[in-house]
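One structure is given below, encoded as structure tokens.
Letters A, B, ... mirror the listed sequences (proteins, then strands); counts begin at 1. Computed from a prediction, not measured in an experiment: that's the story for all the values here.
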2 protein chains.
Amino acid sequence: MGAKKARPVTLQMIADQLGLHVSTVSRVLHAKPGEGLRAASSPTVERVRRLADELGYQRNPHAMSLRTQRSNLIGVLVPRLSDVVLATIYEGIEEAAAEHGLSTFVTNTRDVPEVQRARTEMVLGRRVDGMIFGDAHSDSGFLDEVAARGVPFVLVNRRAGGHPAVVCDDYLGGRMVAEHLLEQGHRDVAVVAGEPYASTGVDRTGGFADRFREAGLPIPEHRIVHSRFDAQGGRAGTERLLASGPLPSAVFVVNDFGAIGTIGALRDHGLRVGADIAVVGFNDTPLAAELPVPLTTVRSPMREMGRRGLRQLVRVLAGEQGESELLRPELIVRASSDPARYERLMAKVGG
Amino acid sequence: MGAKKARPVTLQMIADQLGLHVSTVSRVLHAKPGEGLRAASSPTVERVRRLADELGYQRNPHAMSLRTQRSNLIGVLVPRLSDVVLATIYEGIEEAAAEHGLSTFVTNTRDVPEVQRARTEMVLGRRVDGMIFGDAHSDSGFLDEVAARGVPFVLVNRRAGGHPAVVCDDYLGGRMVAEHLLEQGHRDVAVVAGEPYASTGVDRTGGFADRFREAGLPIPEHRIVHSRFDAQGGRAGTERLLASGPLPSAVFVVNDFGAIGTIGALRDHGLRVGADIAVVGFNDTPLAAELPVPLTTVRSPMREMGRRGLRQLVRVLAGEQGESELLRPELIVRASSDPARYERLMAKVGG
DNA sequence: CTGAAAGCGCTTACAG
DNA sequence: CTGAAAGCGCTTACAG
């Protein structure tokens with residue numbers, strides 16, 4: 001038992017069967033389409049292609065990489081793939097990579113600097129052609145080092161230190177939320193702001209706070225708390241908020257998962273989201289719409305961000321200058337911050 | 001500007017600087033620890049190691065793979081990484097792989113057979129040493145083919161066709177849910193059963209239905225509907241359930257994300273989860289506990305499943321027989337199916 | 001204990 | 001249009 005693993009077909013095998021030299025076969029099979037010079041005569045090309053097809057030839061990537069010093073591999077670092085935001089961005093990266101004939105290594109760094117370093121070395125040790133970081137810290141020392149070493153890379157999700165980055169216009173997203181809450185008449189608001197080292201949370205908070213300041217309602221410091229980017233973090237941040245003073249009328253949580261924790265904490269304090277207090281999240285993850293009280297949030301083009309990040313990396317690999325891109329967010333209003341929608345919802349449930 | 005990418009250090013460079021032959025350096029640096037035979041004299045070993053360290057030598061994996069026909073790479077296929085269940089299993093795989101000196105390619109197949117085929121070929125084209133499938137379909141024709149080709153692989157998450165698989169004891173998990181609902185006095189229940197090609201949903205439903213049958217309460221066919229494994233799927237399945245007859249007193253949704261869709265649909269029909277109808281999910285994903293009405297669910301050891309799956313693959317790669325493993329699930333009762341807990345919750349919120 | 005050779009599978013100027 | 005050679009960086013018996 002146990003099927004023997006067939007030795008893969010090589011160029012040499014094809015050459016032998018056809019009485020050609022391996023270099024001719026190589027030229028035929030892998031001549032760049034743009035290449036003006038013909039690889040061989042039409043009949044030869046035909047024969048080679050046919051046999052390669054028949055035998056199911058697949059180029060040995062290790063041999064090719066060794067010879068060309070190009071691996072067509074890229075490394076992707078994310079804080080954690082179990083965060084649906086990063087997983088979705090990665091799906092975009094992978095999709096676009098496949099279209100460019102590139103394969104991706106993706107790895108979790110849990111936002112721990114030592115792990116970021118170690119995984120970067122590991123990935124570089126694999127001789128990737130370039131990297132995409134989804135876990136940049138605002139203190140960009142590490143990335144500066146990587147850049148100094150000449151490693152081509154781009155950032156997605158979070159920006160840092162002026163390196164080419166494809167991110168959502170988080171500042172604008174924060175302003176949109178502020179605008180919405182101001183329209184709803186909120187005057188005393190709070191923010192669960194995420195990790196202080198992540199541009200996402202910082203920029204969202206910044207836009208939000210700026211807009212309130214412009215409205216003559218600067219947000220006091222104790223109304224802004226940092227937190228981890230998950231349900232636990234949202235819960236913990238909210239508990240601190242509730243302990244630190246009177247109840248605000250609205251809470252902006254800089255990501256949906258945090259918002260879920262916030263909702264849990266508010267519930268534990270006997271507060272009804274949408275009625276007693278407004279809550280707004282960020283990212284419009286799939287469950288925001290499905291929550292018992294649907295969550296107002298800001299939609300960010302996550303998959304598209306991944307696709308564009310990969311495209312920028314391809315440009316960098318081609319020797320061009322990588323460009324930063326700012327993707328447009330969109331406010332999605334739902335019952336968690338809109339009394340009219342909340343009433344309609346309750347009417348249905350109540351009746 | 002533009003740091004030049006330094007050419008990586010090779011064995012040859014080290015050998016030259018030390019006046020040694022490259023083969024000696026190779027032996028020193030990469031002799032297996034188990035190897036009884038010494039690679040070189042102590043002083044030589046010392047000098048080589050020191051210089052390698054100093055220069056930051058990293059073995060070129062392409063050269064090594066080409067020479068040894070072993071890539072230390074494994075391919076992982078999942079339906080989608082944006083499903084937190086699969087992302088968490090993958091985290092376990094990656095963790096364990098790193099401990100074994102292996103790197104992983106992971107790729108999304110969206111449960112589409114043509115994509116599964118294409119991605120498998122792509123990954124095999126990268127010359128991985130083995131594969132882990134998290135997206136097996138019960139109709140195991142494709143996997144049988146892969147096995148016949150002699151590709152070493154194991155399954156995680158879903159089992160199929162008797163191939164080595166590390167999965168949760170889904171059947172038992174389903175029985176646990178049934179047991180719990182029977183204790184709560186439910187007699188008329190329904191199931192949102194997931195995709196019919198996935199053993200997870202099928203086994204969970206099977207265990208659940210068997211237990212009810214044993215209790216003398218066989219579940220009529222129209223009370224079991226199939227659905228996609230996400231919030232949208234749960235919502236759609238639940239709508240069909242609600243359209244097909246009188247209201248059941250409890251709904252078992254075979255995964256948490258589906259359950260969220262179910263909760264959304266029930267809400268839209270004016271039903272209060274935990275009061276008017278019980279809902280139970282599966283997997284205990286992080287948000288189950290944070291939902292406004294916390295969700296009863298079955299905890300499955302997702303990360304551990306990934307770790308064990310990788311370990312089984314390592315065994316297979318070592319020429320041993322891969323073994324299937326069944327991991328133990330645990331029922332987590334919360335307010336969505338427990339009137340006592342629900343009352344306590346409401347008392348807090350109401351007050 | 002250390003060196004020399006062969007070879008993994010490919011690509012790329014260079015001849016002819 | 002096609003062949004021959006060199007070489008990417010490594011490992012692995014085999015000599016000595």
Side-chain angles (χ1 to χ4, degrees), chain A residues 5-32 34-49 52 55-73 101 124-127 129, chain B residues 5-32 34-49 52 55-73 101 124-127 129:
Chain A
K5 196 158 162 181
R7 256 311 193 61
V9 181
T10 65
L11 289 183
Q12 191 60 255
M13 291 172 170
I14 297 179
D16 288 350
Q17 284 193 42
L18 257 27
L20 288 168
H21 194 266
V22 60
S23 62
T24 306
V25 179
S26 174
R27 250 178 276 124
V28 170
L29 257 18
H30 305 306
K32 281 142 213 148
E35 217 96 307
L37 41 123
R38 315 244 342 257
S41 66
S42 303
T44 305
V45 169
E46 193 43 40
R47 286 166 64 216
V48 170
R49 289 222 178 109
L55 301 180
Y57 172 74
Q58 283 199 295
R59 167 157 51 181
N60 184 315
H62 302 121
M64 178 193 159
S65 298
L66 180 59
R67 178 61 236 242
T68 61
Q69 312 280 25
R70 244 246 185 200
S71 62
N72 294 327
L73 244 33
L124 254 22
R126 277 279 171 192
R127 303 298 203 269
D129 292 334
Chain B
K5 194 159 167 181
R7 255 314 190 60
V9 181
T10 65
L11 291 182
Q12 192 58 254
M13 292 171 165
I14 297 178
D16 288 351
Q17 285 194 44
L18 256 28
L20 289 168
H21 194 266
V22 60
S23 61
T24 306
V25 178
S26 173
R27 250 179 276 125
V28 169
L29 256 20
H30 304 306
K32 282 142 212 148
E35 216 93 309
L37 42 122
R38 316 240 346 253
S41 66
S42 301
T44 305
V45 169
E46 193 41 42
R47 287 165 64 217
V48 170
R49 289 222 179 111
L55 300 180
Y57 172 75
Q58 284 198 294
R59 168 159 48 182
N60 183 316
H62 302 122
M64 178 195 161
S65 299
L66 180 58
R67 179 59 235 244
T68 62
Q69 311 281 24
R70 242 243 184 203
S71 61
N72 293 329
L73 244 33
L124 254 21
R126 277 282 170 190
R127 302 300 201 267
D129 292 334

(request) Over all heavy atoms of both residues, which pair between Val25(B) and Val48(B) is shortest? Give the atoms and the distance, please. (result)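 Taking every non-hydrogen atom into account, CG1-CG1, 3.9 Å.
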(request) Look at the side chain of Ser23(A) and decide which nucleotide, out of dA4(D), dT11(D), dC10(D), has an atom nearest to it. (result)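 It is dA4(D).
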For the pair made of [atom1] in [X] and [atom2] in [N], what is the distance, rounded to whole Å?
X         : N       : atom1 : atom2 : value
Met13(B)  : dC8(D)  : CE    : P     : 10 Å
Leu11(B)  : dA4(C)  : CG    : P     : 16 Å
Arg7(B)   : dC8(D)  : CZ    : P     : 8 Å
Asp16(A)  : dG3(D)  : CG    : P     : 12 Å
Gln58(A)  : dC10(C) : CD    : P     : 11 Å
Arg127(B) : dC8(C)  : CZ    : P     : 14 Å
Asn60(A)  : dG7(C)  : CG    : P     : 18 Å
His21(B)  : dG9(D)  : NE2   : C1'   : 13 Å

(message) When you compare the side chain of Leu29(B) with that of Ile14(B), does any pair of heavy atoms fall below 4.5 Å?
(response) yes
(request) Would you indicate whether the side-chain heavy atoms of Asn60(A) and Thr10(A) approach each other to under 4.5 Å? (result)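 The answer is no; the side chains never approach within 4.5 Å.
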State which residues pass side-chain hydrogen bond (donor to acceptor under 3.5 Å, both in side chains) with [X]; sequence neighbours excluded, sorted by chain then number.
X         : answer
Ser26(B)  : none
Thr44(B)  : Ser41(B)
Ser71(A)  : Asp129(A)
Arg126(B) : Ser103(A)

(message) Please report the interatomic distance CG(Asn72(B)) to CE(Met64(B)), rounded to the nearest 0.5 Å.
(response) 4.5 Å
(message) Under 4.0 Å, heavy atoms only, any strand: does Thr10(B) hit a base, just the sugar-phosphate, or nothing?
(response) sugar-phosphate
(message) Please convert DNA chain C into dot-bracket. A pair counts if it is Watson-Crick or G-U wobble with both distances under 3.5 Å; crossing pairs go in [ ] and bases paired with another strand get |.
(response) |||.||||||||.|||
(request) Output yes when a side-chain donor or acceptor of Arg127(B) lies under 3.5 Å from a complementary backbone atom of His62(A), and no otherwise. (result)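 A pair under 3.5 Å: no.
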(message) Tell me if the side-chain of Arg27(A) makes a donor-acceptor pair with the base of dG3(D), cut-off 3.5 Å, by modelled atom types.
(response) yes
(request) Pull out every residue in residues 61-73 of chain A that has a heavy atom closer than 4.0 Å to any atom of DNA chain C, ordered by number, or say none. (result) Ala63(A), Arg67(A), Thr68(A)
(message) Tell me whether the side-chain N/O atoms of Tyr57(B) come closer than 4.0 Å to OP1 or OP2 in dC10(D).
(response) yes
